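First the structure, in the form of structure tokens, and then the observations on it.
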There are 2 protein chains.
Amino acid sequence: MPSRPHRPRRTTIVDIARELELSIASVSCALNGKPGVSEATRERILRTAREMGWTANHAARSLQSRRSQMIGLVLRRDPADAVQISDFMLRFIDGLNQPFTSREEAIALRTVRDVEAEIRTYRDWASQGRVDALVITDVMAEDPRLPLLAELDVPAVVVGDVRGLADLPSVWTDDEVAMRLSIEHLAAQGHRTAARIHEGEHLRHGRVRSAAFARAAQQAGIGIAAMIPSVVGADAAARQLQELLASDPAPTALQFDSSLRAAEALRALRGMGLRVPEDIALLTLDNSPLCEITEPGLTAIDRDAFAYGATAGRAVLALLETDAREDVQGTTSRLVRRGSS
Amino acid sequence: MPSRPHRPRRTTIVDIARELELSIASVSCALNGKPGVSEATRERILRTAREMGWTANHAARSLQSRRSQMIGLVLRRDPADAVQISDFMLRFIDGLNQPFTSREEAIALRTVRDVEAEIRTYRDWASQGRVDALVITDVMAEDPRLPLLAELDVPAVVVGDVRGLADLPSVWTDDEVAMRLSIEHLAAQGHRTAARIHEGEHLRHGRVRSAAFARAAQQAGIGIAAMIPSVVGADAAARQLQELLASDPAPTALQFDSSLRAAEALRALRGMGLRVPEDIALLTLDNSPLCEITEPGLTAIDRDAFAYGATAGRAVLALLETDAREDVQGTTSRLVRRGSS
DNA sequence: CTGTTAGCGCCTTCAA
DNA sequence: TTGAAGGCGCTAACAG
């Protein structure tokens, strides 16, 4: 532990009390708007507090109130994370902050490489009382964090669908609707066979989406040529596409979870001499500026990451203030039509 | 202030002392690896501490040590922020975390809409002792935060070039080199006239880059058709490009600060029937996956955002631990050649 | 080597 | 209405 910083002592309520020749209790009451002081002395106290530039010391308050005024957020970050994930996440964080702007809460952020480190961080934070609540994102199919949260006694809000996995307050998004919108759009365009290229099913929402995709396709009378994870690298992606298009019946539409992958596919398809959308249609989840710079633009499902985050933030506050366990939809999916379909 | 949470009391050093019938001082010494306890009792103490699941309470430590173990980071976030900015920032944050992974420090993050709110946050955090240090990004041409930092007695590291603006430890990136690489690349391709489309010069680095661009161009014997801020909207951008290409002599190369803008320009130029790179070359700062999905790919200056952040993190630690005022280069620019030039 | 004492800055009974 | 005292959990100085 490094040596204690020797910065100038800040003014404390003791200083104010001494200055005014009052007891610290009176000062404390006045400063916190509590009864127990006359209006006159309260005024005096508030004024000199302002003059002396007093602000409550956070550590002291925290020690006494057992509240850190911190909301913990751990980002398990794959260095290869695609741009639009970053964009969504930063907007989400921005939204998460939103309900806290007029309050003292702030976000304690930490990035880690794997779940083990993430869990360690939660354990540490919880036992040290460093955060008042946790926000959990990217729910995995078999998520070791969910039992952990039950064990640690820290309020937590889960961002994502945890129905059947855990009994925790959650903020989720309508993946079923997103898939239905996608499929219905394709059906309306006369497509009869589609394929889905997802980002892996280790994440819960990957599975939810695949299931919803299958269900919606069946209802719309659309055949599924394949539901496969995306591959990295232009060459591998091109090969994957070729295989996909060789299947019988061949899909006339591709649904992506990642707009970056969709954009790459677009480029590959054109390289293969195929026309989009005439020969094959593309559409993707997670609308982003990326979808507008491709030629043609990418039809995408739009979701308001900021609103999503803000809803999560409000759920955290509700949990903290009234112990209200919320289960709300964070954002609504909307189809944005562009040239690719 | 909401009511105090009534979670089960965690075990404290008092509990351990009582359990072992020792004084709390001995326990404290043992737990902190300080001399003053025999090895035997230390062992005993450590073991029962572990058994009882003890962890130091952060608020108490913080109160006593005057350290919050928090590094403050405020993001002034324009809701219209482009994707690749988000990507760079999240990678930067990831890097910033890097030096803290094996330590107790965490990042206190807050997003705000304007400088006023940002300044208010710094003031609050500083006076409450909520952060041990601040990391300042996006230095503006006339930056009101710099005098503020001198006033507040909080250690701070500036990310960006502040030479001549403030005497603060800083981590900067080689914008001059980036511009020189760009210009030299163009010169080598035989270009004689270029234009620069930047993201506004309210930010310090915007100005630095423009100045460096002009200098490098002069040295390379390249004429500058224009140095103008980008405009938003496809139509406006197309008009801007048309004007630019109508100037005499017309630029045969365009340098962008934003790869999103460059990608949009690429699309617009092709819409105008121009070939890239034959008729006009494009290149951009801030390499990102975006640069690979356009057709042709965008030549770009690559900078390691993670390394940049990590360097900043190390500068913060140095400042905190040894009061060492560092002034280091955070990352190195490198030209990535692609089809657009 | 061990224990006692006194803070860190704030809040909260309980008496006066 | 005001003040004195105790505690939040931990650390540090000094006494034994």
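Proteins come first, then strands; the chains are lettered A, B, ... in the order of their sequence lines, and each starts at number 1. Keep in mind that this is a model prediction, so the values were computed, not measured.
Taking only side-chain nitrogens and oxygens, B:T41 never comes nearer than 4.0 Å to OP1 or OP2 of C:dC1. For B:T12, no side-chain nitrogen or oxygen approaches OP1 or OP2 of D:dC8 to under 4.0 Å. The phosphate of C:dT4 has neither OP1 nor OP2 within less than 4.0 Å of any side-chain N or O from B:S23. Between C:dC11 and A:S28, a contact under 4.0 Å exists linking OP1 or OP2 to a side-chain N or O. At the phosphate of D:dT11, neither OP1 nor OP2 sits under 4.0 Å from any side-chain N or O atom of B:K34. Regarding contacts with the backbone of C:dC11, a side-chain N or O of A:N32 is found under 4.0 angstrom from either OP1 or OP2. The phosphate of D:dT11 (OP1 or OP2) has a side-chain N or O of B:R61 nearer than 4.0 angstrom.
As rounded to whole Å, 15 Å separates atom P of D:dA13 from atom CD1 of B:I24. Rounded to whole angstrom, the span from the CZ atom of A:R18 across to the C1' atom of D:dG3 amounts to 16 Å. Remark: P of D:dG9 and CZ of A:R66 are 5 Å apart, rounded to the nearest angstrom. Rounded to whole Å, atom P of C:dA6 lies 18 Å from atom CG of B:L63. To the nearest angstrom, P of D:dT2 lies 10 Å from CZ of A:R42. When rounded to the nearest whole Å, the span between CD1 of A:I13 and P of D:dA4 equals 14 Å. Separating the CD atom of A:Q128 from the P atom of D:dC10 is a distance of 11 Å, rounded to the nearest angstrom. Spacing between atom CG of B:D15 and atom P of D:dG9 amounts to 8 Å, rounded to whole angstrom units.
Looking only at atom types and distance, the side chain of B:D327 has a donor-acceptor partner in the side chain of B:S170 under 3.5 Å away. In this structure, a donor-acceptor pair under 3.5 Å is absent between the side chains of A:D304 and A:T331. Between the side chains of B:R66 and A:N57, no donor-acceptor pair is found at a separation under 3.5 Å.
Across all strands shown, B:L22 has heavy atoms under 4.0 Å from sugar-phosphate atoms exclusively, and none from any base. When heavy atoms are screened at a 4.0 angstrom cut-off, B:T55 is found touching the sugar-phosphate backbone but no base atom. Counting any heavy atom pair closer than 4.0 Å across all strands shown, A:A59 reaches no nucleic acid atom.
A:F92 and A:F88 have parallel rings, their planes meeting at less than 30° on a 0 to 90° scale where 60° marks the start of perpendicular.
Annotation: of the two residues near DNA chain C, B:E21 and B:A60, the 5′-most nearest-nucleotide partner is B:E21. For B:W54 and A:A25, each mapped to the nucleotide of DNA chain D holding its nearest heavy atom, the one lying further toward the 5' end belongs to A:A25.
Using a 4.5 Å heavy-atom cutoff, the side chains of A:L168 and A:L149 are in contact.
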